[in-house]
Enquirer: 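Take a look at this one; I'll ask things after.
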Amino acid sequence: MLAPLGARARDWEGPAIFVEGVHKSFGEVHALSGIDLVVERGRVLGLLGPNGAGKTTAVKILTTLLAPDRGRALVEGRDVVRSPAAVREVIGLAGQATAVQEELTGRENLEIMGRLYHLDRDTRVRRAGELLERFGLVEAADRPTKGYSGGMLRRLDLALSLVSLPSVLFLDEPTTGLDPRSRNGMWQVIRELVSGGTTLLLTTQYLEEADELASEIVVIDHGLVIAAGTARELKSRVGGDVVEFQVVERARLQDATGAVRELSDAEPLVDRETATVTLRVGDRGSHALVETVRRLDALGIHTEGLGMRHPSLDDVFLSLTGHGAEEAQPGASRRRGAERLRAQE
Amino acid sequence: MSTTELSELVALDIPSPPALERLRLGIADTATLTRRDLLIWLRNPAFIFFTIIQPVMFVLLFRYVFGGAIPVSVPGGYVNFLMPGIVAQTAAFASFGTAIALARQLQKGVIDRFRAMPMARSAVLLGRLSADAARLTVTVAVIVAVGYAVGFRFQNGAGPAVIMLVLAVVLGLTICTVSAYVGLAIKDEESVGSFGLVWLFPLTFVSAAFVPVSSMPGWLQAFAKNQPVTIVIDEMRALALGGPLALHAWQSAVWLAGIVAVFVPLAVREYRRAG
Ligand SMILES: Nc1ncnc2c1ncn2[C@@H]1O[C@H](COP(=O)(O)OP(=O)(O)OP(=O)(O)O)[C@@H](O)[C@H]1O
Ligand SMILES: [Mg+2]
């Protein structure tokens, strides 16, 4: 089987990835407005954010494809601006667009990559074989990759980024566009990979994916870090499960809110217009749901559309930035987001 | 570690490898990418069509369809006039593949991936151009063979004939550098395919490739006579069929060197910026 990854870069004791105050603009667009990141060796950082948040820009800076306008970024202690060649020696990258060449077979793609990393003949042939096996591509190995499925292409692309056994791996949206089955397969492969000790920075738009794979999550929006923590922390403190209901008799809205207030981690959100109450119930979803029903019933309050849902990335953003329901008072809700952030530290 | 400690992290100071070692690796990378590009070319029916089948069709079309209507005054008649021109035109058009392939690799993540690897920055472009040189040599050889089959004969001996073929490859490579720039600047395979190479048409057709420039209207002659492709074709004809060499030789050299001097740095700049 494949030699353990992360075997290199023994000349550095600090964090595998260190980013401090990095800014990057494209003309008028501020893609990154001063972000900080620290990833200790062997950890998995999920960089979570919506379209245009600046995820790819961050990855490109860390992989020496773009120079930051300001700030510092070190990968295994190597400065991306001052020693880009040294950074390239220790990293692997699978970008948002695949690097698979469709005219070549899977094996050829891998062996040529090995040649470009200056591996000797035996090593590159052996490594190509091992990677094909590990990623379930043995049968397709000698067919041109033009005929590969989306999932196979992503797996091969990931394999290409591993040819040099990098100690830090960057994956930019590794499962975007895959069907659920291929996505699960990809998650499996990535999980095995990081159990071997590779440091991984992974970007995604899916909270679920960060949850599955990452030990720490950093949420960015408009080029700024807006939250950081484990998936659990983010879900319970930032989003958490949500219980929601509508009060039929508006006059009783206040009573209803009072009855369930203590079930919510934060002050319940009350939309007077639609008489909707939203509770943040952390990971106590079903218990809170039953309790809500019980208490409202005890007071004889009639509801519509009572239900619980898991937090989505939308909920995370909603509670952090206050976009959406509370647009009328963006200041107030942003303050609340900031308070929650502080609560995590 | 707390944030204050982290800010004091001092980056490692990693010396770059000695120049000789870098050169050795750079050559190895260029060779790898040359092989890669050629393998891709051989697997791609469209590229084969453009670089072999289409030029052969051109030879046959011009020789038999238009040839009879075009009066020329060279020894051996139109087929001898045509061949140096069509070899040059083919070499120039072969640069199509350069632009398309680079734009495609850029659009996919291939070039980004290469730029994030410990590889000489120049290797991608140099590998591409050496693969193009090999491709051009094959194309030129095929055309000349077809030319021989339809009656073409070199009139000026073997030495000048070989120089003519080399000059054709050099012309093709020079235009490949322009194409490389265009492909990297446009960055989109489809756009390159549909309008990225329109400039090749006036350059190759409004030239001495297929008809004597004197047969064109006066306003067109001024361009046709003085543009680089015509100048190189005039030199190739002199080499193939006999005639004064010197004037067109140095004019060709200046043009080709000038184009390379402008477009190689432009292409390199686009490659660097391509992130
Ligand atoms: N080369 C560029 N030129 C101009 N603007 C750019 C460039 N690259 C990125 N941007 C802009 O910078 C912002 C951040 O882009 P980035 O690609 O980093 O986002 P992302 O989080 O990766 O988004 P996605 O989820 O869509 O991949 C966007 O507004 C984008 O339009
Ligand atoms: Mg992106």
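Here is how names work: the chains are called A, B, and so on, in the same order as the sequence lines, proteins then strands, and each is numbered from 1.
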Enquirer: Could you tell me whether B:F201 atom CZ has more than 12 heavy atoms of other residues or ligands within 6.0 Å of it?
Expert: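 Atom CZ in B:F201 is not crowded, with 12 or fewer foreign heavy atoms closer than 6.0 Å.
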
Enquirer: Are the side chains of A:S161 and B:R113 in contact, using a 4.5 Å heavy-atom criterion?
Expert: yes

Enquirer: B:R104 versus A:E102: any side-chain heavy-atom pair under 4.5 Å?
Expert: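 A side-chain contact exists here, since the closest heavy-atom pair is under 4.5 Å.
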
Enquirer: Step by step, would you call B:I14 with A:R82 a side chain to side chain contact (heavy atoms under 4.5 Å, CB included)?
Expert: CA-CA 9 Å; B:I14 303 213; A:R82 290 195 353 246; over 6 Å; no

Enquirer: Using 0.5 Å steps for rounding, measure from the CZ atom of B:R36 to the CG atom of A:L104.
Expert: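 Going from the CZ atom of B:R36 to the CG atom of A:L104 covers 6.0 Å.
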
Enquirer: Are there more than 12 heavy atoms of other residues, nucleotides or ligands under 6.0 Å from atom CZ of B:R22?
Expert: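 Atom CZ in B:R22 is packed in, count exceeds 12.
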
Enquirer: Measure the spacing between CG of A:D79 and CG of B:L12 and express it to the nearest 0.5 Å.
Expert: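 If we round to the nearest 0.5 Å, A:D79:CG and B:L12:CG are 10.0 Å apart.
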
Enquirer: Among A:A86, A:A94, A:G77, A:S83, who wins on heavy-atom pairs under 4.5 Å with chain B?
Expert: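 Between A:A86, A:A94, A:G77, A:S83, the count favours A:G77.
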
Enquirer: Could you state the interatomic distance from CG (B:D112) to OG1 (A:T56), rounded to the nearest 0.5 Å?
Expert: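 So the CG of B:D112 and the OG1 of A:T56 are separated by 10.0 Å.
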
Enquirer: To the nearest 0.5 angstrom, please state how far the CG atom of B:L42 sits from the CD atom of A:E103.
Expert: 11.0 Å

Enquirer: Counting only heavy atoms closer than 4.5 Å, note whether B:R121 contacts chain A via side chain, backbone, both or neither.
Expert: side chain

Enquirer: Side chains of B:M119 and A:R88, heavy atoms from C-beta outward: is any pair under 4.5 Å?
Expert: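 Heavy-atom side-chain distance check fails, nothing below 4.5 Å.
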
Enquirer: Taking 4.0 angstrom as the limit, do A:R115 and B:D29 come out as a salt bridge?
Expert: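 Answer for the salt bridge query: no.
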
Enquirer: Would you say A:Q101 and B:K108 make side-chain contact, with heavy atoms under 4.5 Å?
Expert: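 No; the side chains remain at least 4.5 Å from each other.
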
Enquirer: Quick one: what part of B:L25 sits under 4.5 Å from any heavy atom of chain A, side chain, backbone, both or neither?
Expert: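 For B:L25, backbone and side chain are both near chain A.
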
Enquirer: Starting from the C-alpha separation in whole Å, work towards a yes-or-no answer on side chain to side chain contact (heavy atoms under 4.5 Å, CB included) for B:L33 and A:L116.
Expert: CA-CA 8 Å; B:L33 290 171; A:L116 291 171; 4.0 Å; yes

Enquirer: Minimum heavy-atom separation for A:A97 and B:G109, please, with both atom names.
Expert: CB-N, 3.6 Å

Enquirer: Name the member of A:V100, A:I112, A:V87 that forms the most heavy-atom pairs with chain B at distances under 4.5 Å.
Expert: A:I112

Enquirer: Given a strict heavy-atom distance threshold of 4.5 Å, which part of B:Q105 is in contact with chain A: side chain, backbone, both, or neither?
Expert: side chain

Enquirer: Against chain A, work out which of B:A28, B:A31, B:A116, B:A11 has the most heavy-atom pairs shorter than 4.5 Å and name it.
Expert: B:A116

Enquirer: Nearest 0.5 Å, please: how far is NE2 in A:H118 from CZ in B:R24?
Expert: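 So the gap between those two atoms works out to 7.5 Å.
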
Enquirer: Heavy atoms, side chains only, cut-off 4.5 Å: are A:E108 and B:R43 in contact?
Expert: yes

Enquirer: With chain B, which of A:D36, A:L160, A:L74 has the greatest number of heavy-atom pairs at distances under 4.5 Å?
Expert: A:L74

